Amino acid sequence: MNWILLVIAGLFEVGFASCLGKANESTGMVAKYWMGGFFLCLTISMVLLYKATQTLPIGTAYAVWTGVGAVGTVLVGIFVFKEPSDFWRLFFLTTLIASIVGLKFVSH
């Protein structure tokens, strides 16, 4: 169950990073709404990370949390913010995913 909470926490990390990007693109009240989304996603992500670390090793949990967030944020950047998706970027994204899966398998 805590692995599921950890992945969900990572997805909320993607949410707060994406909201921050949209807030930077916006002005006025729209930017404030995006910042509200940022703080909401940040809070949920941290609470879920805290819950997951009650039974998972902190080093593993933090690495998986940041990894899920990093992979998700890169994918949002590519598909939403039209960032480049060249071979090397996708290659290293794949190695990051493999590392996250590997941490799951070697953790007790």
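These figures come from a predicted structure and were not determined experimentally.
- Contact detail for P84 and I78: the closest heavy-atom pair is O-CG1, 3.8 Å.
- To the nearest 0.5 angstrom, T60 atom OG1 is 9.5 Å from I58 atom CD1.
- The CG atom of L48 sits 5.5 Å away from the CG atom of L5 when rounded to the nearest 0.5 Å.
- In this structure, S99 OG and F92 CZ are separated by 11.0 Å, a value rounded to the nearest 0.5 Å.
- V14 approaches G69 most closely through the heavy-atom pair CG2-O, 3.6 Å.
- E25 is listed as a side-chain neighbour of F81, based on a closest heavy-atom distance under 4.5 Å.
- Nearest heavy-atom pair, L96 versus G67, reported as atom, atom and distance to 0.1 Å: CD2-O, 4.2 Å.
- The side-chain heavy atoms of Y33 and K22, taken from C-beta on, include no pair separated by under 4.5 Å.
- N2 CG to Q54 CD: the interatomic distance, rounded to the nearest 0.5 Å, is 7.5 Å.
- Judged purely by atom type and a 3.5 angstrom limit, T73 has no side-chain atom pairing as donor or acceptor with the backbone of A70.
- Considering only heavy atoms from C-beta on, R89 comes within 4.5 Å of V74 through its side chain.
- I97 and V64 fall within the same hydrophobic cluster, defined by Ile, Leu, Val, Met, Phe, Trp and Tyr side-chain heavy atoms under 4.5 Å apart, directly or through other members.
- In this structure, T53 contributes its side chain and L49 its backbone to a donor-acceptor pair below 3.5 Å.
- A continuous path of Ile, Leu, Val, Met, Phe, Trp and Tyr side chains, each step under 4.5 Å between heavy atoms, connects L40 with F12, placing both in one hydrophobic cluster.
- Atom CZ of F79 is surrounded by 12 or fewer heavy atoms from other residues, nucleotides or ligands within 6.0 Å.
- In this structure, L90 and D86 have side chains that are not in contact, with every pair of non-hydrogen atoms separated by 4.5 Å or more.
- Side-chain N or O atoms of S45 include none that pairs as donor or acceptor with a backbone N or O of L42 at under 3.5 Å.
- Of all heavy-atom pairs spanning E13 and W65, the tightest one is OE1-O, 2.8 Å.
- The aromatic rings of F16 and F38 sit perpendicular to each other, their planes meeting at more than 60°, with 30° as the lower class boundary.
- Under a hydrophobic clustering in which Ile, Leu, Val, Met, Phe, Trp and Tyr are joined whenever their side-chain heavy atoms come within less than 4.5 Å, directly or via other members, I44 and I8 fall into the same cluster.
- Transitive grouping of hydrophobic side chains (ILVMFWY, heavy atoms separated by less than 4.5 Å) brings L11 and L75 into a common cluster.
- Nearest heavy-atom pair across V7 and V68 is O-CG1, 3.9 Å.
- Criterion: ILVMFWY side-chain heavy atoms under 4.5 Å apart, direct or through other members. Under it, L6 and V47 are not part of a common hydrophobic cluster.
- C19 is not listed as a side-chain neighbour of M35, based on a closest heavy-atom distance of 4.5 Å or more.
- Between F91 and W88, the ring planes are perpendicular. Angles over 60° get that label, and only those under 30° would be called parallel.
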